[in-house]
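Position 1 is the first residue of the sequence, and the numbers go up from there.
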Amino acid sequence: MMKSKNKFMLSAVAAAVMFSGSVTQVQAQEDGVTIGGSVRVNYAYRDYDDKNKDKMGDIAFDTATIVFKGKQGKWGLAAEYRFTKATNFIKYGYGTYDLDSDWQIQFGINKVPFGNPGFISNSWWFGLPYYLGFEDDHDIGIKAVYEKNGWHTDLAFYKNAEYGASEIKRYATDLYTGTINGVEYNNEETNQFNLRQTYTMEHAGGSTTFGGSVEFGQIYNKKTENNGDRYAFAAHMETRYQDWKLQLQAMAYEYDAPDAQDPNRIGVSVVNWQYPIASKGQVYSINLAKTIKTSFGSVKCYNDFGMMTPDVADKSFDDSYQNVTGCAISAGPTYTMIDFIMGKNMTFSTKSNDHVGLPEIGDDWDKRLNINFGYYF
């Protein structure tokens, strides 16, 4: 199972955090539609995989994307579709309508407003909340966006995830219906409400954004036809001073699935894979980055740290950790991310612990090196 999981290596999330400097994928004109995209390849070296080490790592095609963005008067559109070596899927696709200069409505598969605006990470690998369903998620619904004088409000309702619950081809993490390691899950996301409020304060040398997010929704059991519920809330801050950026976030979540075979865990899926996570817990993130301008573009170096503490009835469940140290290099139409990942009791970055927040197998930090190169057009 772990061999198959590592084969995919999160190939579909490659381009999501690359929009900086000259590598912006596509920019809408005042009126009309523009088309852009990217092609990416990935190198992976896993210190805990003997076959991979014997070959000094593996390099393979990662992702190709096509992006549409446009505007016609008060109406607009935005869409991105991705092709990987294993599958293809939509990341987002929605229409927009500008009510006035302060309010916009988005309808379709749009980004769920939860946590730090943008991302709670700097790396290609994303932050720990991503693997629980709380970073860069996109679902089907309607969102109202307000922005004026430093205040930013997102109010949204999502009917369900972008794909069915038994589907594993998806960009971001959602609840899963199926069997994982002998445990049956019959859960489906539905009827979700989100509210995020932030305020950005300008100061000498930069700005600071303070914010809070809440999320409430239902969990439908396809087998018993009963409903449970779920919630999450977070406090977050991002401050920029000259070329430095600091991100802080603390969040708590709970998935209370109806008629669960094991109420301490719940199944999720992402990027052609599925794994269990603790059904309740807290997550803490602290990220620091510095951007250095160069003659060819820029170099951003960073350290992203995340810790998840389970809060379930089964006291054998253990904390999960992920730390990513790396640099992102922007040069013309290319963007390269070099990440050194350390994981403990963490899916995708460890040899034996294909979960988040469950009882740990062993007591070690596993390590891997990942280099992702992309060309944008």
Side-chain angles (χ1 to χ4, degrees), residues 1-2 4-5 7-8 10-13 82 84 86-93 108-112 114 129-141 157-194 215-232 253-281 308 310 312-314 317 320 347-348 353-359:
M1 180 177 68
M2 292 298 295
S4 175
K5 178 197 71 172
K7 178 181 178 183
F8 296 109
L10 285 181
S11 61
V13 303
R82 298 194 167 200
T84 75
T87 186
N88 59 87
F89 47 82
I90 192 170
K91 178 185 176 183
Y92 58 82
I109 303 174
N110 60 70
K111 188 172 182 176
V112 175
F114 185 86
Y130 173 83
Y131 302 89
L132 302 169
F134 298 106
E135 182 183 10
D136 206 27
D137 188 21
H138 296 75
D139 293 326
I140 301 176
F157 170 75
Y158 297 97
K159 185 57 185 173
N160 48 259
E162 72 277 22
Y163 286 104
S166 60
E167 182 60 77
I168 62 174
K169 65 167 192 179
R170 60 178 74 249
Y171 167 81
T173 307
D174 289 309
L175 293 184
Y176 175 67
T177 291
T179 300
I180 308 174
N181 300 331
V183 179
E184 181 181 355
Y185 302 94
N186 297 284
N187 304 307
E188 178 182 343
E189 299 178 10
T190 188
N191 299 331
Q192 176 179 311
F193 293 89
N194 283 83
E215 177 176 308
F216 294 94
Q218 289 182 306
I219 303 175
Y220 179 70
N221 187 305
K222 292 184 175 182
K223 186 175 182 179
T224 65
E225 300 183 348
N226 291 325
N227 282 304
D229 52 45
R230 53 197 168 92
Y231 75 84
Y253 74 91
E254 180 175 6
Y255 292 106
D256 186 12
D259 310 310
Q261 184 175 337
D262 181 352
N264 298 295
R265 64 185 71 196
I266 196 165
V268 297
S269 67
V270 64
V271 194
N272 263 38
W273 195 246
Q274 64 284 319
Y275 53 91
I277 64 174
S279 59
K280 183 179 180 181
M308 182 271 184
V312 296
D314 189 337
F317 281 39
S320 290
T347 189
F348 286 108
N353 291 283
D354 188 20
H355 55 246
V356 185
L358 271 62

Asker: What is the distance from atom OH of Y185 to atom OG1 of T177, rounded to the nearest 0.5 Å?
Answerer: 11.5 Å
Asker: Are V183 and P276 close enough that some pair of their side-chain heavy atoms sits under 4.5 Å apart?
Answerer: no
Asker: How many angstroms lie between NZ in K222 and OH in Y220, if you round to the nearest 0.5 Å?
Answerer: 9.0 Å
Asker: For R230 and Q218, work out which heavy atoms get closest and say how close.
Answerer: NE-O, 2.9 Å
Asker: For M308 and K280, which heavy atoms make the closest approach, and how far apart are they?
Answerer: CE-O, 4.2 Å
Asker: To the nearest 0.5 Å, what is the distance between CG on N186 and OH on Y176?
Answerer: 10.5 Å
Asker: If I compare all heavy atoms of N264 with all of D314, which pair ends up nearest, and what's the gap?
Answerer: OD1-N, 3.3 Å
Asker: Identify, with sequence neighbours excluded, every residue that meets side-chain contact (heavy atoms from CB on, under 4.5 Å) alongside I90.
Answerer: Y81, I109, Y163
Asker: Taking E167's backbone N and O only, do any of them form a donor-acceptor pair with S269's side chain (distance below 3.5 Å, no angle check)?
Answerer: yes
Asker: T190 versus K159: any side-chain heavy-atom pair under 4.5 Å?
Answerer: yes
Asker: Given side chain to side chain contact (heavy atoms under 4.5 Å, CB included), test V268 with Q274 step by step and report yes or no.
Answerer: CA-CA 6 Å; V268 297; Q274 64 284 319; over 6 Å; no
Asker: Decide yes or no on side chain to side chain contact (heavy atoms under 4.5 Å, CB included) for V270 and Y131, but give the supporting numbers first.
Answerer: CA-CA 8 Å; V270 64; Y131 302 89; 5.5 Å; no
Asker: For D262, what residues pass the salt bridge (charged side-chain N to carboxylate O under 4.0 Å, His left out) criterion, not counting sequence neighbours?
Answerer: R265
Asker: Is there a donor-acceptor contact under 3.5 Å from the side chain of T347 to the main chain of V356?
Answerer: no
Asker: Does the side chain of F157 reach to within under 4.5 Å of the side chain of N191, using non-hydrogen atoms?
Answerer: yes
Asker: How are the rings of Y130 and Y171 set relative to one another: parallel (under 30°), tilted (30 to 60°) or perpendicular (over 60°)?
Answerer: perpendicular
Asker: To the nearest 0.5 Å, what is the distance between CG (N221) and CG (N226)?
Answerer: 6.5 Å
Asker: So, for G357 and S320, which heavy atoms are closest and what is the spacing to 0.1 Å?
Answerer: N-OG, 2.8 Å
Asker: Please identify each residue that fulfils ring pair (Phe, Tyr, Trp, His ring centres under 6.0 Å) with F317, with sequence neighbours left out.
Answerer: none
Asker: Side chain to side chain contact (heavy atoms under 4.5 Å, CB included) for L175 and I266? Distances and angles first, verdict last.
Answerer: CA-CA 8 Å; L175 293 184; I266 196 165; 3.7 Å; yes
Asker: Measure across D354 and Y275 and return the closest heavy-atom pair with its distance rounded to 0.1 Å.
Answerer: O-CB, 3.5 Å
Asker: Please find the pair of heavy atoms, one from A257 and one from N187, that lie closest to each other, and give the distance.
Answerer: CB-OD1, 3.4 Å
Asker: Using distance alone, with no hydrogens and no angle criterion, decide if Y231 and D256 have a side-chain donor and acceptor under 3.5 Å apart.
Answerer: no
Asker: Please name all residues satisfying ring pair (Phe, Tyr, Trp, His ring centres under 6.0 Å) with H355, sequence neighbours left out, ordered by chain then number.
Answerer: none
Asker: What residues, two or more places apart in sequence or in another chain, satisfy side chain to side chain donor-acceptor pair (under 3.5 Å) together with D174?
Answerer: R170
Asker: Could you give the distance from CZ (F89) to OG1 (T84), rounded to the nearest 0.5 Å?
Answerer: 6.0 Å
Asker: Within the side chain of N227, is there an N or O that forms a donor-acceptor pair under 3.5 Å with the backbone of P258?
Answerer: no
Asker: Which distance, rounded to the nearest 0.5 Å, do you find between the CG of N88 and the CZ of R82?
Answerer: 12.5 Å
Asker: Is there side-chain contact between Y253 and P129, with heavy atoms separated by less than 4.5 Å?
Answerer: no
Asker: Do the side chains of E189 and N160 get nearer than 4.5 Å, heavy atoms only?
Answerer: no
Asker: Is there a side chain to side chain contact (heavy atoms under 4.5 Å, CB included) between E215 and F134 once you walk through the steps?
Answerer: CA-CA 10 Å; E215 177 176 308; F134 298 106; 3.8 Å; yes
Asker: With sequence neighbours excluded, what pairs up with K223 under the salt bridge (charged side-chain N to carboxylate O under 4.0 Å, His left out) test?
Answerer: E184
